[in-house]
Every structure is written in structure tokens, then in C-alpha cells.
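What follows is a short report on a single structure.
Numbered from 1 within each chain, the chains take letters A, B, ... in sequence-line order.
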There are 2 protein chains.
Amino acid sequence: MATLASDGIEGFTTRRVAQEAGTSTPAVYELFGDKAGLVREIFFEGFRQLRSQLDQLAPEPDPYRDLEQTVAAFRRFVRENRVLSDLMFGRAFADFGPGPDELKAGASTRKFLIDKIRRCVEAGLIEGDPRDIAHVLLAAAQGLSAQESAGWLGTSQASRDRRWTLAFRALMAGLASGR
Amino acid sequence: MATLASDGIEGFTTRRVAQEAGTSTPAVYELFGDKAGLVREIFFEGFRQLRSQLDQLAPEPDPYRDLEQTVAAFRRFVRENRVLSDLMFGRAFADFGPGPDELKAGASTRKFLIDKIRRCVEAGLIEGDPRDIAHVLLAAAQGLSAQESAGWLGTSQASRDRRWTLAFRALMAGLASGR
DNA sequence: ATCGTTTCGTGACATTGTTACGATACCTTG
DNA sequence: CAAGGTATCGTAACAATGTCACGAAACGAT
């Protein structure tokens, strides 16, 4: 079966989706109304998968390591679902821009982060508004992931790892002492 | 004239480009070979513009403020050239993925950052390999910009500003004390 | 001045998003 | 159980787009 992952975005056409679903093209339009609607569904499915993957993380007693592990899981998700992530966080499909409902999906993921961050704040590891911190942390992870996907973060695995951990440690250390 | 900024990505077609250039479609193919080639040219032009905008920054004696100002200029560029930035840093066009030459263009921008970061390191403000720091700083800025463009960073200007400065300050503070 | 090369315009082809138009299956209601 | 309405689906078509073949024209070199 040809999927997003195997054929990339350019192979993603309504006809092909219909064919591989064993039905005809208008059926897709009957169900999703639009190609954008179809893409939107995949978008939501992506966030469900990410959420499910985060939920399956083994609980970690240390709040710091717990947060670190969550970021690592995010990174893994993006690496293993490159095209899907481009759709979720980038602008892979031209005619699909995130609307209010899509923002909610993103907010759900962020909420997951916020809880873990709150634990770190309550443990005295860092200071600040968990929501702001979640935004910053997620933005950094998203930027690093985008660069890693595009090959901009370095050619060797070692340098990419080094930069990821540097970013996380620096952010956490900087958040330790308020302002 | 219809441009990328006014009509977005969906209006960007080889026929239209040819028409507004006062020529015919195959002329475009003669010049750029491909639509990807045409897009690539815009990609490079984008990095030239970004570089030119960074070069026009008034020199700042304080290395910290200098770096901060550079990041602010990056943010401004992305905000004022939303579609172009999507093309440069995201994956706005499906059939165009960054190759070796494109990576060089990105490296040029990063080099600009590295010099300013080196100044901060030499001034004792932060510690670490300037190249690693540049990667991390650029990734964070790119992630924040992407979220801001998509509307994920918050609805109020104040919260967006707060998160930008939080990210920068936290990163710099965290880089101050090595490891 | 002539020839070869480069550039360019007309027209065509394959693909894609999208929809009109019937046909079919299914579900409700008497 | 049968009839009618509705939702769904397949065939075919249309418009737009990327791309290219095929000459025509322009332009420089000899």
C-alpha cells in the first residue's frame, strides 16, 4: 500500500486515495467534502497518534527526566513520521491552513507538556508560567525537528544529538533562575 | 502585479509567472528548467534578502544586545515575508526539497549568527561551541516564527512578545553556565 | 550573407481537483 | 413485506496545471 510515508506528499492525490481504499474518487468527496477536508482528517489523526505515543511513555519519577523523555518522544515522532509532521507543524499542503479546530489539536499536545512542566516548577527545578514555558519548549522542539528533517542540523548523528541535548539543557538551566 | 505575498502559494503557477513577465510559459522552462528550479531561485533570493536585511542592522556595541537585535530582525523578516519564509524554512512547495546548494544558503545565514555568538562567548557572556549555539538559536527562532505564523504562539501581541523574549533570555541564561 | 545555436510561441498531452448525472443500495414507513 | 425517499457511489466530463514537442524567429559567428 502506498502511504504518505512511502510516496511523500506529491503522491497524495484524491484519485489515489480512492483507489487504494477500493472505492471511487467522488466517494472521497462525499466523505470529506474537499481535499483540504481529507488533509484535515490526516492532520487530526496525526495529533491523535502523537498523543497516543506520548501517553505510552513509561512514567518517570524524576520530573526533569520525565520532561526530557517527553521531548525525546516528540523528536522520535517527527523523525519517524516525517511527512506527517510536515503536515502537522509545517505547511506541507498549500491549500490547508490551520483554523480554530486545528489550533485546538495543537493545544491538546501542549497541554500534555504543561502538566509535566508544572511538575518541574512545583519541584523547584524551573520558574515561570508553565504555559509560556510550554510554548517555548514546543517551539524549540519543533524548530529543531524541522531542521533535522531538512538536514540542516548537521550531517552526523552525534552533532544532531549534541545540539538537541544542548538546547534542552540550556533552556532548562536558563529557566531555573527566573529572569 | 500579483506576487507571492499577495496571492500566496496557490496562485503561483508557471503560466502566471510567464504571463506577468510578459512572455510565454516555455520561456520559463527554458530559463529555469523546472518549476522546482523556479522555486529554487526564489528560495535563494529569499536568503539574499534576509542576509541583506541582517547586514543593514545598526551595529550594537553590546554583544548581547547585538545578538538579541539579530534575532528580532529574523523574527521581523519572517513576519513580513510569511509565504517566502514558509518556502525557505518550511515545506511550502511539495516538490521542492533542500539539496546541497540550498543547505549552503542556510549555512550562510547561520554563519552570520556564529560571528555574533562568538563575540558573546569571547565576552564571557555564554559558553560553548558557537556553531552548536547558532544551530540551537536558529532552530528556536525558526520554531517560534513558524508557530507565530500559524497562530499557535498566542492570540495577543503581548503574549507572543513575552514568549519570544522568554525563549531568548532563557537560552542565553542557560548557555551562561556551561553544561 | 549564410549557417548554427539559442530562444520563444502555439499547441498538445497527462495529471489533478472537482462536480454533474444517473444508478444503486439501504433504511424508514405504511 | 413492499414502496418510497435518501444517502452513497461510479462513470464521465471540465477546468487548471506542469511539461514538452515542434517549428519559427532572432542573433551571433564565420
Step by step, would you call A/Phe168 with A/Tyr64 a ring pair (Phe, Tyr, Trp, His ring centres under 6.0 Å)? CA-CA 11 Å; A/Phe168 184 73; A/Tyr64 184 95; 5.6 Å; yes
Carefully, step by step, assess A/Leu57 and A/Asp66 under the rule side-chain contact (heavy atoms from CB on, under 4.5 Å). CA-CA 9 Å; A/Leu57 288 178; A/Asp66 197 38; over 6 Å; no
What is the distance, rounded to the nearest whole Å, between atom NZ of B/Lys35 and atom C1' of C/dT15? 14 Å
Interatomic distance, B/Phe12 CZ vs D/dG18 C1' [rounded to whole Å]: 13 Å
Close aromatic pair by centroid cut-off 6.0 Å: A/Phe112 and A/Phe74: no
Given atom CD of A/Gln19 and atom C1' of C/dT15, what is their separation to the nearest angstrom? 14 Å
CZ of A/Arg16 versus P of C/dA14: gap in Å, rounded? 19 Å
Starting at atom CZ of B/Phe32, determine the distance to atom P of D/dT19, rounded to an integer number of angstrom. 13 Å
Review item, nucleotides 3-11 of chain C N/O atoms under 3.5 Å of protein N/O:
residue: C/dT7; atom: OP2; partner: B/Glu30; partner atom: OE2; Å: 3.4
residue: C/dG9; atom: OP2; partner: B/Thr23; partner atom: OG1; Å: 2.8
residue: C/dG9; atom: OP2; partner: B/Ser24; partner atom: N; Å: 2.9
residue: C/dG9; atom: OP2; partner: B/Ser24; partner atom: OG; Å: 2.4

Of all residues at least two apart in sequence or in a different chain, which pass the side-chain hydrogen bond (donor to acceptor under 3.5 Å, both in side chains) check with B/Trp164? B/Glu148
Sidechain-backbone polar pair: B/Arg131 side chain, B/Ile114 backbone, donor-acceptor under 3.5 Å: no
CG of B/Leu113 to CD1 of B/Ile117, rounded to nearest 0.5 Å, is 5.0 Å
Would you say a side-chain N or O of B/Thr13 is under 4.0 Å from OP1 or OP2 of D/dA16? no
When rounded to whole Å, the CG to C1' distance for the pair A/Leu38 and C/dT18 reads 14 Å
